[in-house]
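What follows is one structure encoded as structure tokens, with my remarks underneath.
All figures in this text were calculated on a predicted structure; none of them were measured in a lab.
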Amino acid sequence: MVSKNTICLWYDGTALDAAKFYAETFPDSAVGAVLRAPGDYPAGKQGDTLTVEFTVMGIPCLGLNGGPEFKHNEAFSFQVATDDQAETDRLWNAIVGNGGQESACGWCKDKWGLSWQITPRALTAAITDPDPAAAKRAFDAMMEMTKIDIAAIEAARRG
């Protein structure tokens, strides 16, 4: 890999599938080198996919097929700043519709358990509004949502 710092994500034999999904779903994403294990290892056999280099929206990642010992959790997530409702819907629906799971306030998990925050820029602008009352109304509206509804956020912001 070219990058000196890379995010390593642990998978249970599905790193290549995950990398392909991310590359198909997110802009500026791609699958790179696939390293096949040169010998047997605790989570696999010689010739199995050991690691996959990939990028997600320009961020270098390495998928490691390390076995079932460790699972993804909300302590790590990708936050995706979306420009409009169409992009928000497309990304949310791709993640949730491919075996993922909805959560609250724009969070969801993909089928591998990796957490994503699909965060419209309009939401960030609304909850940082210089008018504290407008920011609170937008924040309170967000707290009731799963996928973020930009029109509802804007309506709450206006009061």
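If you take CH2 on W92 and SG on C108, they are separated by 4.5 Å, rounding to the nearest 0.5 Å. One finds the CZ atom of R157 at 9.0 Å from the CG atom of D131 (value rounded to the nearest 0.5 Å). Here CG of L16 is found 10.5 Å from OG1 of T51. Values are rounded to the nearest 0.5 Å.
Ring orientation note: the planes of W112 and Y22 are nearly perpendicular, at an angle over 60° on the 30°/60° scale.
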Mind listing the side-chain donor-acceptor pairs of residues 138-152 below 3.5 Å, one per line with the distance, residues two or more places apart or on another chain?
residue, atom, partner, partner atom, Å
D140, OD1, K136, NZ, 3.3
D140, OD2, K136, NZ, 2.7
K147, NZ, D89, OD1, 3.1
D149, OD1, A151, N, 3.1
D149, OD1, A152, N, 3.1

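Among the candidates L123, T119, I118, the single residue satisfying the side chain to side chain contact (heavy atoms under 4.5 Å, CB included) test with T82 is I118.
A donor-acceptor contact shorter than 3.5 Å links the side chain of T55 to the backbone of A30. Distance alone, capped at 3.5 Å, places no donor-acceptor pair between the R121 side chain and the D83 backbone. With hydrogens and angles disregarded, no donor-acceptor distance shorter than 3.5 Å links the side chain of S77 to the backbone of Q79. For the pair S29 (side chain) and P27 (backbone), a donor-acceptor distance under 3.5 Å is present. Side-chain atoms of N65 come within 3.5 Å of backbone N or O of T14 as a donor-acceptor pair.
Scanning both residues, T128 and T124, for their nearest heavy atoms gives OG1-O, 2.7 Å. Shown here for A122 and E154, the closest heavy-atom pair between the two residues is CB-OE2, 3.6 Å.
Note: the hydrophobic cluster containing V96 also contains F21 (ILVMFWY, side chain heavy atoms under 4.5 Å, direct or indirect links). L35 and L9 fall into different hydrophobic clusters, where Ile, Leu, Val, Met, Phe, Trp and Tyr are joined by side-chain heavy atoms under 4.5 Å apart, directly or via other members. Following chains of ILVMFWY side-chain contacts shorter than 4.5 Å, one can reach I153 starting from I127, so the two form part of one hydrophobic cluster. A chain of hydrophobic side-chain contacts below 4.5 Å, direct or via other Ile, Leu, Val, Met, Phe, Trp or Tyr residues, connects Y11 to I59. Cluster membership check: M57 shares its hydrophobic cluster with V52, using side-chain heavy-atom separations under 4.5 Å among Ile, Leu, Val, Met, Phe, Trp and Tyr.
At least one side-chain heavy atom of W116 sits under 4.5 Å from a side-chain heavy atom of V56. Two residues are said to be in side-chain contact when any heavy atoms from C-beta on lie closer than 4.5 Å; K109 and L114 fail this criterion. Contact check for D110 versus F78: no side-chain heavy atoms found under the 4.5 Å cut-off.
Checked against the 6.0 Å centroid threshold, F76 and W10 do not count as a close aromatic pair.
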